[in-house]
Each structure stands twice: as structure tokens, then as C-alpha cells.
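Please read the structure below before turning to the comments.
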Amino acid sequence: MAGSGFESLERCLEKHLPLAELQEVKRVLYGKETRKLDLPSAALEAASRGDFELQGYAFEAAAEQQRRPRTVRVGLVQNRTPLPADTAVVKQVTALHRRMEAVVEVAAMCGVNIICFQEAWTMPFAFCTREKLPWTEFAESVEDGPTTKFCQELARKHGMVVVSPILERDSAHGDVLWNTAVVISSSGAVLGKTRKNHIPRVGDFNESTYYMEGNLGHPVFQTQFGRIAVNICYGRHHPLNWLMYSLNGAEIIFNPSATIGALSESLWPLEARNAAIANHCFTCAINRVGQEHFPNEFTSGDGKKAHRDFGYFYGSSYVAAPDGSRTPGLSRTRDGVLVAELDLNLCRQVNDIWGFKMTGRYEMYARELAEAVKPDYTPKIVKE
Ligand SMILES: NC(=O)NCCC(=O)O
């Protein structure tokens, strides 16, 4: 049942387990319980009218004598593409802008300070097709494209940091494409951009036909609400990618994604959560929802029949904390906003307890990695 028939793991457990067992299962599966946020009824009503889910949870940290709590509210948005993929490009982009306008309005009512949309949020995830037109027409300038301008307005209106992952057209460097996240400050200024470092070559994820591995390294953005980074989708399978954002000081790492059930659903709850634990930071895993159909058939290069859809994007967006606790996921089937209140003091508190930054053998790894990437390297295997 990889499609829309299964709403979520949480709903299933809640439906079938007696309360006492449910609490134990949640303790083991999710760690320390997150507090449910009391969200404004006007926001819940607006979400219901707009047909999207709205959930809110808070992670708490211990009180300190010398630092005040550093609370920030993040909003994770997951959604389906509202119009069919063969609708005119501008119509699809406009429909997504309108959808996000409504969603961000509700997030603002819930006090969200930093909002992040899903990977390539202005388009269907058409890279499976390997066709260039019309899909490359969704690409935009990071600096002054229509989507950046739209997000700048949202940021100014709501005093919110907006993380906007788009297909970038880089006209300063030969008009090439990139898979990029634009970070817009709460003032409305473009704070900067970061690019997807790892490009999948798996199943129908034929993204290397369109753009190359990012060339901007692992930037961290100092926002009014904390230091953030963006590890785009497939980068979540690479522990060193998370590590580098963390070494640059990220307190929250967003992972805007587009991934399908058959490929990755059993990995989904593990990877971003493990990264939060390993790097003493918060991670925010965001996935799109639904099934997208394309006008022309394509194959997966595996001898199986040609098809017109990618499979089912299973949503299930969640936030994980440095102590390993996590929120429940949003549904697998519906658009939604997950609001999470984080006390960033928890990052240093967990660092002081577990000490992974202190006990990490980075110099040793750096030395050994520098050797291992040399063309004449011989693996250090001890033989009899
Ligand atoms: N968008 C993307 O990189 N998807 C690859 C598949 C996965 O990482 O689960």
C-alpha cells in the first residue's frame, strides 16, 4: 500500500493500540514526547477551509541561568501540485503561489518565524521524463525571478524568513540550471542561496540530465531567528553533507525533498532524525504529496513497462531534535503545515551531554579521507 490508501503511521497506531501501549510505543519510536501546541482556532479553521492539515508541537530545553530560552517557530509545508502537469507553465506557477500565500497566512497566525517549502516547489517533479521543454521553463533567477519576488513580499508582510527551493536559471554563468534553495530574510532581502550537493541517479530520479552537483559548499545563514542551512533532498543520504552544515554552525537544517514510497519510505524516519542526533541540531524533513502524471511515457531503464507517473510522494514531513525526539509526521496524503517550536538552547545542552563534537575525530577522518580520494590509494585491509 505505497499510495494514498494509508494515511500515516501515527493514525494507524492511534487507531489500533490501547492507550497505555500506545504511550510506550511512542516513547520508544519517537523519544521524549513533544508538547502539542495550542494553535489559534482561527488558524485551524482557515486550514480546514483551505483543505490542509495543521499540526503544532514544541520541543523544550532545560532552563539556564545565563541564557534566555531561544525559541523559534519553524513551519514545514508539504503539498501536491494543484494543476495537472500539462497545464501552461505560468498557470501552474501562479496556482502554486496562490496556494502558498494561503498556507503562509495560516503559518503566520501560528507565529511561524521561518518557513520552508518543499524541493522545487514551483513545479511538478518532472525530471523523471528527461525532457527539456517545457520543464526547464520553470527555472527562474534566484536574484529577481517572480518566485523570489513573491517570497520577498511574504517575508516582508509576515516578518518571516522564507526558504524557497526552486529550479534556478543562472544567467551570470551561461544560463545553466541548478537545484537551489533561496533564503530570504525577514526583512525581505535575499540573504543568499545554497545548491543541492548530491544529485540522484536512482530509479526515475534523472536529475543529472538537468543540473550538476552544487558548487557553493555548505553555507549557513545567520537569520534573525537562528543559524539555518538547507540540505536538499538526496543530500540527506550523505552523513558528511549534514556534518559540514553543522560544522559551519547550523542550528536548524532544513531538508526539502521530493521522494516516493517505493524508493525511500523506510529510510525517511531515520535519516534526518539521525542527522539531528549526530550533529546536535534540529532537522526538518519535508516531502511533497500525491502523484504527478506527465503527458509522455518514460521508462526507468529497468526493462519494465513505460509509464507516465513517478509513483506516490508520501509527505510525512517531520522535525527532529538533537536529543533524538521527533514530532509525529504530517499525513502521507494531504497538504499540510507542521509548526514546531524549537528552543535552540537544546543544541548546546545535548552537545554538553553527548559530546559528539568533542569526541569526533575530525582530524583523523580528514587525514584518512585525503588519502582515500587519491587515485593510487590502496584500501587499508589487513590480511593474513
Ligand atoms: N529529489 C531527490 O533527490 N530524490 C531522490 C530520491 C531520494 O532521495 O529519496
Side-chain angles (χ1 to χ4, degrees), residues 2-3 9 76-81 85 96 116-131 135-136 138-139 163-168 177-182 193-216 218 229-245 253-276 283-292 294 298-302 307 309-318 320 329-330 332:
L9 184 64
L76 283 59
V77 184
Q78 66 174 41
N79 59 282
R80 55 185 72 231
T81 45
L96 278 156
C116 182
F117 303 141
Q118 64 198 19
E119 181 183 20
W121 74 271
T122 59
M123 61 184 293
F125 214 69
F127 311 120
C128 51
T129 65
R130 299 194 199 91
E131 300 159 351
W135 317 118
T136 54
F138 283 92
V163 180
S164 169
I166 59 167
L167 183 62
E168 175 191 2
L177 302 175
W178 299 99
N179 184 318
T180 300
V182 191
K193 65 182 173 188
T194 180
R195 289 176 175 150
K196 183 171 181 172
N197 281 329
H198 300 274
I199 308 299
R201 290 156 176 83
V202 55
D204 284 330
F205 289 92
N206 300 316
E207 297 169 48
S208 56
T209 307
Y210 299 85
Y211 40 78
M212 300 296 286
E213 280 72 12
N215 57 356
L216 299 179
H218 298 85
V230 194
N231 179 5
I232 304 177
C233 195
Y234 190 71
R236 79 180 176 285
H237 310 301
H238 294 268
L240 292 182
N241 208 44
W242 295 102
L243 172 71
M244 293 314 297
Y245 295 114
I253 308 178
F254 292 94
N255 175 230
S257 301
T259 187
I260 53 164
L263 183 68
S264 64
E265 196 161 1
S266 60
L267 314 183
W268 181 254
L270 305 176
E271 292 171 307
R273 189 177 182 197
N274 185 51
T283 58
C284 304
I286 304 167
N287 186 23
R288 64 174 63 203
V289 185
Q291 199 150 7
E292 297 170 0
F294 297 96
F298 50 90
T299 72
S300 309
D302 59 1
H307 42 279
D309 70 82
F310 214 129
Y312 194 78
F313 295 103
Y314 54 83
S316 309
S317 304
Y318 71 95
L330 286 178
R332 297 177 73 259

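Read the numbers this way: they start at 1 and go in the same order the structure lists the ligands and their atoms.
In this structure, the protein non-hydrogen atom closest to atom 3 (O) of ligand 1 is K196 NZ, 2.7 Å. Remark: minimum distance from atom 8 (O) of ligand 1 to any protein heavy atom is reached at H237 NE2, 2.6 Å. In terms of protein heavy-atom proximity, atom 2 (C) of ligand 1 is closest to C233 SG, 2.9 Å.
Below 4.0 Å from some heavy atom of E207 lie the following atoms of ligand 1, by number and element: 1 (N), 2 (C), 3 (O), 4 (N). Atoms of ligand 1 found under 4.0 Å from any heavy atom of E119, numbered from 1 in the order shown, are 1 (N), 2 (C). Set against the non-hydrogen atoms of L263, the atoms of ligand 1 under 4.0 Å away are 6 (C), 9 (O). Distances below 4.0 Å separate heavy atoms of P200 from the following atoms of ligand 1: 2 (C), 3 (O), 5 (C). Contact atoms of ligand 1 toward R236: 7 (C), 8 (O), 9 (O) (distance under 4.0 Å to a heavy atom of the residue). The contact set between ligand 1 and F125, taken as ligand atoms under 4.0 Å from a residue heavy atom, comprises 1 (N). Of all atoms in ligand 1, listed by their number and element, those nearer than 4.0 Å to a heavy atom of T259 are 6 (C), 7 (C), 9 (O). Counting the atoms of ligand 1 from 1 in the order shown, those under 4.0 Å from a heavy atom of S264 are 9 (O).
Remark: the backbone N or O of A285 is not paired with any side-chain donor or acceptor of Y318 at under 3.5 angstrom. Between the side chain of Y312 and the main chain of R332, a donor-acceptor pair closer than 3.5 Å is present. Judged by distance alone, with hydrogens and angles left aside, the side-chain atoms of E119 form a donor-acceptor pair with the main-chain N or O of A258 at under 3.5 Å.
Every residue meeting the side-chain hydrogen bond (donor to acceptor under 3.5 Å, both in side chains) condition with N215, not counting sequence neighbours, appears here in chain and number order: R195.
Contacts between I199 and ligand 1 below 4.0 angstrom, taking non-hydrogen atoms only, are absent altogether. Counting heavy atoms closer than 4.0 Å to ligand 1, residue Y234 contributes atoms from both its backbone and its side chain.
Checked against a 3.5 angstrom limit, the closest N/O atoms of A258 and ligand 1 fall inside it.
The aromatic ring centroids of F310 and F294 lie 6.0 Å or more from each other.
Considering only heavy atoms from C-beta on, C233 stays 4.5 Å or farther from E207 through its side chain.
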What's the verdict on side chain to side chain donor-acceptor pair (under 3.5 Å) for N197 and H238, showing C-alpha distance, side-chain angles and the deciding distance?
CA-CA 10 Å; N197 281 329; H238 294 268; over 6 Å; no

Do N287 and S317 pass the side chain to side chain donor-acceptor pair (under 3.5 Å) test, and can you show the C-alpha distance, the side-chain angles, and the key distance before you say yes or no?
CA-CA 6 Å; N287 186 23; S317 304; over 6 Å; no

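Screening W121, F127, W135 for a side chain to side chain contact (heavy atoms under 4.5 Å, CB included) with L167, the sole residue that qualifies is F127.
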